[in-house]
Structure formats: C-alpha cells, structure tokens
Asker: 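The structure under discussion is supplied below as structure tokens; questions concerning it will follow.
Predicted model, so just to flag it, every value in this text is computed and none were measured.
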Amino acid sequence: MALSYFPNAARVGSPQPLVESSHKHLNEGVQEAYVEHKNSRLLQALDATKSILGDLRKFNKDNWVVRYPQLREQPAEPSSSSRRKSMRRSLSFPDDPSFEAEVIVSPAKAGLTRSVTLATITDKEEDPAAEAEEDGDRLVSPAEASDFHVFRLDLKLGAHGSSSSPAALVAQLEKSSIANLLDDRILNAVGHLDKLRSRIEDTSSKVLVTGDLNAGKSTFVNALLGREVMPVDQQPCTTAFCEVHDAAENDGKEELHILKEGVTYSAHDENTFTRADLSDLDAIVSENENDSQVLKVYLRDPRDPQASLLSNGIVDISLIDAPGLNRDNTHTTRVFARQEEIDVVVFVVSAENHFTLSAKEFLMNASHEKAYLFIVVNKYEQIRDKAKCRRLVLEQIKQLSPRTYEDAEDLVHFVDSQHALHEPTDSFNNLESSLRSFVLVKRSKSKLAPASTYLTKLLSDVDLLVGANAIVAQTELDRAQNDLQRVRPVLEKMKNGRELLEESLESVEDLGATRTRMRTKELLTDAVERVGQGKLGVDDAAVSLPSYPGLLGIWDYVREVRRALLSSLDAAVKLAENEARAVTSEAVNKIAQLGDEHLPEGVERSRRVFMPEAMFSVRTDKKGNRKSRRASGTVVAGGIYGLGIGLAQRPDMLDTTFFDLFDVHHQFWMHFGEAEAEESKDMAVSTLGYASVGLGALTMVGGKTLGARGLLEGIVRIWDLLENETARKWAAPVLGAVTIGLATYFVLELPSTVPRTVGRRIKATLAKESEESGEEGSFVGAHAARVSRETRKVLRLASWDLKERFRAAMDEHGREVHGAEEMERRAQKALEWFREVERRAGDVRESVVSVGAA
C-alpha cells in the first residue's frame, strides 16, 4: 500500500508553503497525488521484478543451469552502418570455451530492452523513424549494451580461445560453480530490491553529501543550514557520518545523539543512543576513531519553510555529511555501501582538483542506480580561468554520468560555500533552489528515479541473461532433435532386425556344425571301407603301403602294413579337419557379413582374427605338458582326446598276430558260412582257401609262424600221427596238398593278401569298439562329433561377439535416444520458460518506463 509522502502536513502548527506557480512544476497538492501514483506503480514493478528473480533462482537450481554469457565486440561490417542499434557480438561462455556464436545485440532506448539473436537469422528491416532516434535517448551507451550492469561477474578472462589468458583456469570450473556465483549476484539484487522498496515506502528523503578530502563538504552543509554546525578545519576532520535532521523530529530539541552499535536507533529510546550537546560535536568528531560511527544532529532552522531545506513543511529531510572518499579504503568502502540507501547524492568536488580516481570510481558506481547526481563544484570563486574550469568539469561529468550532464543547468553548480556562508550569493541561491526543487518538487527524479534506473538496468541484465540462455536452449534443442532424427531410426532398425540377426547367426552356426559333421562321417566311413579292402584310407603322398621284403621279412611286412593303414586313417581325420577349417572360415566370413549388415555405422567391428590353424590344436600347460580338455576318452585327431595320439601310435592297434597272415575265421565263413555269401562274390576261389584249411591246425601250436619251437612241436605231432597206419596211408596226399598250398600262398598270394587281411582286422576292431561304445564312441562318430563341436565352438564365439557388439550398440543408441529425448524436453521447457520470463520482464519494463516518462 502506498504511504503518504507528506507526514509534516498532519503536524499541528506546521506551515503549508506553496511552491511557485510554473509550467515546469506542479503545485504541492497535485505533486503529492502524482508521486503517490508513481510510487504505487513502481512498488508493483519492484514486486514483479523480485518475483522474476526468485523464479530465475529456482529455475537455475532445479531445472536448468543458467549460463553466464560474455559478449565480445566484432569488427563492424559496412552494412551495419545503416543499423546503429544492432551490434554484432561474439557470444561465449566462460565455463565452455568451445561454444562461440555470432549474435546481434539490439538495445532500445529508455527501457533498455536488449534482444540477443543469432546473426544467422535474417535481420528485419528497421523502421525509418527508428533510424532517426538519437543515441542520447538511451540510458546507457551502445558499448554498455553488451555487458551486465548488476549481474556482472569479475572473472577476469582474456580473449576467447587465447591459450595465454586465464580463461583456461575458469574453464575448469564446473557450470554449477559459475551458476552459483551468478545466483549470489541475483540474491544480492533481491536484497537491494528490498532496500529500494523500503526507501520508496519511506516518507523521508536522505541527501548524502560526499566528495574528496578537503573539497569543502562540511562548509557546504553549513552553508545549506545557514549556520556553522559541522566542524571545519584545514585538516580532514569529518571521520563519522553526521546526519542532520529537523529538530521537529526530536520534539523540537536541538541536541546530538551518538548511536550505539548493534541496536536499532529510536529517538524515543535512550538505550539506543547517547545524548550530547551540539557544542560537543566538534570534539566528538575530532576524537572519533570508529569508522562506522553515526551521529544524529537535530537542528532548528529559523528560516521560512520556503527557504529552508530541513524545515520545508513537506517532507522529512536528512542531510548526511560523509567522510572524504580518499581518506582511506575503509571510509571509501563505507561511503560506497551507504550510497545504496540514499535518495539523493550531492557530490562536492574541488574546483582546484576536479575529479580524483576515488571520485570517478564512486560516480561510476553510483550511476548504476542513480541516473541523476547533484554535483557541487566548490571553491569556484578562487579559480582564475573559470571558463576552462567549467569546460573541463563538464567534460568529465559527461563521461561519468551522461544523464546528469544533460540536466547540467539544474544539477551541476559552480559555487563558493565559504563565501556563501557569510554572504548570500546568486550562484548559491540558485543551487539551493535547484536542490530544493530536485528533492521536494521533483521527487520522481530524486527519490523514485534511482529505483527506476536500477530496475531498468536490472531488467536489462535479465534480458541479456535469458536471451543468451535462450540461444543455448535453442542450440541444445536443435542438437537434440538432430540427434533424434539421426539415432532414433537406427535404433528402431536395430530393434526390428535383432530377432532376424539372432536367427541368422543360429542358422549359420547350425549349418556349419552340420556340414562338418556330415562331411567328417562321409570321409571317415569311406576311409574305413577302403582300409577294409586293403587300400589306404585316403590318397596321401605322405602315406604309402610298404613293399614286400620276401618270406624272411614277412612279419615286419605285416607290421608296416598295419602301421600304414592306420596312418591313412589318421590322414583321413586330418583331411576332415582341414575341410572343417574351410567350412568354418566360410561361416565366420558369413557372420562378419551379417555384422556389416546389422551393425550401424560408427560401431567398431570385431578385431578378432580367425586363425583356422588354431582349430583342433592341443593346449599345453606352462611345463609343456598336454592338457586334457575333457575327462572322456573321445578320439581326437586320430587318437585319444587330449592325448594327441593317432591310431598309428596306439600300441593295441599296432600289435601284430598270426591272423594278420592267415585269417582262418574269415576264410571259413567265406566258404562255408551263409552270412558271408555276399562277400564271397567279390573274392575269387584260390589255392589260398585250401591252404588255409590245411593250415588251420597250425593255430593250435601258437607262437610265431616258422618259429623254431613251433616247428619242432609240429614235427613231433606229425611223427606221432604217422605211426598210425591209416594216417600213413593219407599222409602222402595231405602232405602234398599242404606243401603245394603253402608254396603257392607264400609265392603268389601273401603280398597282396596281407593288406586285405590286416585291413579287415582293423575294420573289425573299429567295428567292435563301435558296438561297445555306441555311435558317439565309435571312430567315425567320435571324430564327427568332435569336429562338429569344434566348428560350433568357433562359430558360437564369433556369434557371441557379434551379438554382444549388437547389444552394446543398441544399448548405447538407446541411451543416446533417451538422453536426446531428455535434453529435448529440458531444452524445450527452458526455451519456453526463458521466453515467458522475457515477456514478463518486458511488461515490468513498460511499467517502469511509464513511471519515468510520466
């Protein structure tokens, strides 16, 4: 609720002066209603701005890390001369040196509306009327439009991308760290808005009189009061803040109140201050060593209310005589802080020294909030070249406070306070009239303008902040949408093709294992059949049947024949393994082709290199011993699985017997058995058959053929047989037949019969093992299963690798899609939020501008 700005109007006995009628000023009654109306609108603008800042802090904390932008000036283009208000800038962020975009910053005039748009967006043609606007209509210069006023962070960065600048150090800060620094600035702005609200609602006006040391501040205050109250000396004597109030605020008593620290001052509570006489002010000020000491001085001004600033009958006024700026850093800092609570700043500068560095710094800082400053150039009468002094001072003011320079006639005064204290002068009277008008009649400038100026600059910072972040949000939104357009179809394709890929891999695996199994069975079955016929299992140059050495080497011949036939079976196994390697290589290549078909671009292909020669290898331990891969006795590579022994190395298979020479059982069933009828069709009847029957009895004697012991035992038995007369009668024919059969066998049939006999024996042995162990334990079945298993293992490993890569790629694309969707949602929400904040700030700005323009 708006409060009355005229509390003295209700005091009994307080006169109600009239302000001179003029087309430049309103009368007091109209002025009161006028200021109250503007005050109400400004309070609403303050509340709305505070709400925006609160929402900005909450959004920064919960939804989006608000980025702090930096704008660097770009070289002007020829075409830009037609648009003076559009400035090209390079937008970057200290927490992300990789981001840089060219933008257009377009400042407006009084409202400080700053739009930040990408330079790639086609510029709209400006209104010709806008082209005619002067830069002086703005509250800030075009150079200031690309920087912050309230939210400025002193990160001290060098040029963007410069390796020698401290930017590399700042870039190491997390985005949240800089966002926290920005949040602190926003929080400070919220606190300052609260102070502004208190100042606007306060019915009094505070006038701060400050300046450099020995500029004559205390003398100027005494001249305004019309009496010597403030202590004056050639040495700096003001070490405390002396606030001069109308004695009417202290029940009409003139006295000095020394405020106590840590308590809230009240003129009616003596526990908050120490009472003293005005005569003690000089001693108290000169002996004071407390930099933060505040003194309340209550005075009666006997002058007419129309001439008095304190007893004006309209508004409670307090004059604050502050310590000099350049006395030391502590005093300067305290004055800087104090000016934020001040409605009007009266800056006293010596005409002899002009503006020092401390003065310039103070005025630059004060101009951020107060567009208008009241400047008093003291000791002016002592200057010989007054025109030069006036010109130099005004040029400095133009740079420090442009708005003050524009109203220099009312706000800048060249006086001599010491002379005016003893004798009124026209220049000082004009100063008093202007100051009274500025404080009392033009309160919209003196009291409300600082708040309006601060709001416009604060809202301008909000424009720049949300504009830059809207560009970031739009950039991330575009990137997220592009990522979704790129990744989402790939993910959908992978989802749809996953089942097909798995089925294809399973088919390749089954087909490869089946082909190798069937081919191994075919090769080994054919090899066994060939061996059973006395032939080598496979045609291999490394394996051949031995030559017949003659009768005396018949036994070694049989052994070598057996070894050769067994070696041919081992060679058949190796042939089956080689063909399995070829089939496996083909299947592995097929799996690689499936990977190229189903894996998306950018996914690393398998680095595994298939080495066919590594298949069917026997692993060894660290000591070089062969390691058994399984505990079973499955035959591998022609031998026992894990032992690496082929048939040609098995002692039980190499053992040679009498039956390798004379297969009596086979000959008997061939001639007398029905079961061997089919086989007899392929066998020609020869003398060997009869010799075999005749020699059948020799199997009872045992031992090796033609051995000494067997020969002697045979002779003894034959001798016993010949003692029988009947036997003697048949002996001659039988012996003749035997002799003829043996001679024929050893000369003609034995070299070609031994391989068939040994082959039949080997085949029979393998068949017997098959009956005992079953199909999977047989020579053919075991090898077929082993080769098929090895092939399946290789293909399964290749398939598993492809499946894992496919799964990892699909998971990665899924995460990428999810992240892009989340970023799209966040960026869209942020973009809409920033646009809404921009709209809200625009509404508040219009209200503030209307207050200033009214």
Asker: Can you measure from NZ (Lys217) to OG (Ser417) and round to the nearest 0.5 angstrom?
Answerer: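 Reported to 0.5 Å precision, the distance equals 11.5 Å.
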Asker: Starting at CG of Asp277, measure out to CG of Leu256 and round the result to the nearest 0.5 Å.
Answerer: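 Output value for this atom pair is 8.5 Å.
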Asker: Answer yes or no: is there an ion pair linking Glu406 with Arg403, defined by an N-O contact shorter than 4.0 Å?
Answerer: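 A salt bridge is present here (some side-chain N lies under 4.0 Å from a carboxylate O).
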Asker: Locate the shortest heavy-atom distance separating Ala322 from Phe241; write the atom from each residue and the value.
Answerer: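 Shortest heavy-atom separation between Ala322 and Phe241 comes out as CB-CE2, 3.7 Å.
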Asker: Hey, do the aromatic rings of His413 and Phe428 have their centres closer than 6.0 Å?
Answerer: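 Distance test on ring centres: not under 6.0 Å, no.
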Asker: According to side chain to side chain contact (heavy atoms under 4.5 Å, CB included), who are the partners of Glu381, at least two apart in sequence or on a separate chain?
Answerer: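 Applying side chain to side chain contact (heavy atoms under 4.5 Å, CB included) to Glu381 gives Lys386, Asp416.
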Asker: List the steps and the verdict of side-chain contact (heavy atoms from CB on, under 4.5 Å) for Val190 and Lys50.
Answerer: CA-CA 6 Å; Val190 172; Lys50 185 177 180 181; 3.8 Å; yes
Asker: Measure the spacing between CZ of Phe362 and CZ of Phe347 and express it to the nearest 0.5 Å.
Answerer: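 Interatomic distance, Phe362 CZ to Phe347 CZ, rounded to 0.5 Å: 6.5 Å.
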Asker: CG of Asp194 to NE2 of His192: how many Å apart, nearest 0.5 Å?
Answerer: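 Between Asp194 CG and His192 NE2, I get 10.5 Å after rounding to 0.5 Å.
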Asker: So Val376 and Val415, do their side chains get closer than 4.5 Å, heavy atoms only?
Answerer: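 The answer is yes, as the side chains (C-beta and beyond) meet within the 4.5 Å cut-off.
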Asker: Got Asn250 and His257 here, is their nearest side-chain heavy-atom distance under 4.5 Å?
Answerer: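 The answer is yes, as the side chains (C-beta and beyond) meet within the 4.5 Å cut-off.
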Asker: Are the side chain of Asp461 and the backbone N or O of His149 linked by a donor-acceptor pair below 3.5 Å?
Answerer: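 Checking the backbone N and O of His149 against the side chain of Asp461, a donor-acceptor pair under 3.5 Å is found.
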Asker: Are Tyr380 and Arg390 packed together at the side-chain level, in the sense that at least one heavy-atom pair is separated by less than 4.5 angstrom?
Answerer: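 Touching, per the 4.5 Å side-chain cut-off.
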Asker: Are any of the side-chain heavy atoms of Val393 and Phe355 separated by less than 4.5 Å?
Answerer: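 Yes; the side chains approach each other to less than 4.5 Å.
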Asker: Considering non-hydrogen atoms only, spot the tightest contact between Ala276 and Ile258 and give its length.
Answerer: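 Answer, listing the atom of Ala276 first, then Ile258: CB-CD1, 4.5 Å.
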Asker: Report the distance from atom CG of Leu373 to atom CG of Asp407, rounding to the nearest 0.5 Å.
Answerer: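 Nearest 0.5 Å value for the CG-CG distance: 11.5 Å.
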Asker: Can you confirm whether Asp426 is buried at CG, in the sense that more than 12 heavy atoms of other residues, nucleotides or ligands lie under 6.0 Å from that atom?
Answerer: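 It does not: Asp426 CG has 12 such atoms or fewer within range.
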Asker: Quick check: does any side chain N or O of Asp269 sit under 3.5 Å from a backbone N or O of Asn271, one acting as donor and the other as acceptor?
Answerer: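 Side chain of Asp269 to backbone of Asn271, a donor-acceptor pair under 3.5 Å: yes, one is there.
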Asker: Listed by chain and number, what are the side chain to side chain contact (heavy atoms under 4.5 Å, CB included) partners of Asn188, not counting sequence neighbours?
Answerer: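 Side chain to side chain contact (heavy atoms under 4.5 Å, CB included) check on Asn188 returns Arg185.
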Asker: Give the minimum heavy-atom separation between Ala179 and Asn60, together with the two atoms involved.
Answerer: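 Closest heavy-atom pair between Ala179 and Asn60: O-ND2, 3.5 Å.
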Asker: Any side-chain heavy atom of Asp410 within less than 4.5 Å of one from Ser437?
Answerer: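 Answer no - side chains too far apart.
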Asker: Going by an N to O cut-off under 4.0 Å, is there a salt bridge joining Arg436 and Glu432?
Answerer: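 No salt bridge links Arg436 with Glu432.
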Asker: Is there a side-chain contact (heavy atoms from CB on, under 4.5 Å) between Leu299 and Leu278 once you walk through the steps?
Answerer: CA-CA 9 Å; Leu299 296 176; Leu278 287 179; 3.4 Å; yes
Asker: Locate the shortest heavy-atom distance separating Ala45 from Val844; write the atom from each residue and the value.
Answerer: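 For Ala45 versus Val844, the nearest heavy atoms are O-CG1, 3.7 Å.
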Asker: Do side-chain atoms of Ser460 reach the backbone of Thr456 as a donor and acceptor pair under 3.5 angstrom?
Answerer: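 No, because the side chain of Ser460 does not come within donor-acceptor range (under 3.5 Å) of the backbone of Thr456.
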Asker: For a quick test of reading the model, state the closest non-hydrogen atom pair linking Tyr298 to Asp246 and the distance between them.
Answerer: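 Tyr298 and Asp246 have their closest heavy atoms at CD2-O, 3.7 Å.
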Asker: Using atom types as modelled, flag every donor-acceptor pair under 3.5 Å from a side chain in residues 219-230 to any protein atom, sequence neighbours excluded.
Answerer:
residue: Asn222; atom: OD1; partner: Val229; partner atom: N; Å: 3.0
residue: Asn222; atom: OD1; partner: Met230; partner atom: N; Å: 2.7
residue: Asn222; atom: ND2; partner: Ser218; partner atom: O; Å: 3.3
residue: Asn222; atom: ND2; partner: Met230; partner atom: O; Å: 3.0
residue: Arg227; atom: NH1; partner: Glu254; partner atom: OE2; Å: 2.7
residue: Arg227; atom: NH1; partner: Arg300; partner atom: O; Å: 3.2

Asker: Report yes if some heavy atom in the side chain of Leu431 is under 4.5 Å from a heavy atom in the side chain of Phe374; otherwise report no.
Answerer: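 Touching, per the 4.5 Å side-chain cut-off.
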Asker: Less than 4.5 Å apart, any side-chain heavy atom of Leu465 and any of Leu56?
Answerer: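 Yes, side chains in contact.
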Asker: Of all residues at least two apart in sequence or in a different chain, which pass the side chain to side chain contact (heavy atoms under 4.5 Å, CB included) check with Asp47?
Answerer: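 Testing Asp47 for side chain to side chain contact (heavy atoms under 4.5 Å, CB included), a comparison that skips the adjacent residues, returns Arg197.
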Asker: Kindly determine whether Ser350 and Asn214 satisfy side-chain contact (heavy atoms from CB on, under 4.5 Å), including the steps that lead there.
Answerer: CA-CA 8 Å; Ser350 173; Asn214 295 327; over 6 Å; no
Asker: For Arg57, enumerate each residue passing the side chain to side chain donor-acceptor pair (under 3.5 Å) test, keeping only those at least two apart in sequence or located in another chain.
Answerer: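 Listed in chain order: Asp183.
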Asker: Using modelled atom types and a 3.5 Å cut-off, is there a donor and acceptor pairing between side-chain atoms of Glu261 and backbone atoms of Gln293?
Answerer: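 No.
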Asker: Please check this pair: side chain of Tyr68 against backbone of Leu153, looking for a donor-acceptor N/O pair closer than 3.5 Å.
Answerer: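 Pair found, side chain donor or acceptor close to backbone of Leu153.
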Asker: Check whether any side-chain N or O of Ser401 sits under 3.5 Å from a backbone N or O of Ile397 as a donor-acceptor pair, and report yes or no.
Answerer: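 Here the side-chain-to-backbone pair does not exist.
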Asker: What do the steps show when you test Val297 against Asp321 for side-chain contact (heavy atoms from CB on, under 4.5 Å), and what is the final call?
Answerer: CA-CA 11 Å; Val297 181; Asp321 186 11; over 6 Å; no
Asker: Please list, chain by chain and in numerical order, all residues satisfying side chain to side chain contact (heavy atoms under 4.5 Å, CB included) with Ala189, sequence neighbours excluded.
Answerer: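 Once residues adjacent in sequence are excluded, the partners of Ala189 under the side chain to side chain contact (heavy atoms under 4.5 Å, CB included) criterion are Leu53, Val150, Phe151, Tyr454, Leu458.
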Asker: Is there a side-chain contact between Ser427 and Phe414 in this structure, where contact means two heavy atoms from C-beta onward sitting under 4.5 Å apart?
Answerer: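 No. Closest side-chain heavy atoms not under 4.5 Å.
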Asker: To the nearest 0.5 Å, tell me how far Ser318 OG sits from Lys206 NZ.
Answerer: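 One finds 6.0 Å between OG of Ser318 and NZ of Lys206.
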Asker: Examine distances only and state if a side-chain atom of Ser433 and a backbone atom of Asn429 form a donor-acceptor pair shorter than 3.5 Å.
Answerer: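 Not at all, since once roles are kept as given, no pair shorter than 3.5 Å links the two residues.
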Asker: Testing the basics here: between Val377 and Ala351, what is the closest heavy-atom pair and its distance to 0.1 Å?
Answerer: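 Of all heavy-atom pairs spanning Val377 and Ala351, the closest is CG1-CB, 3.7 Å.
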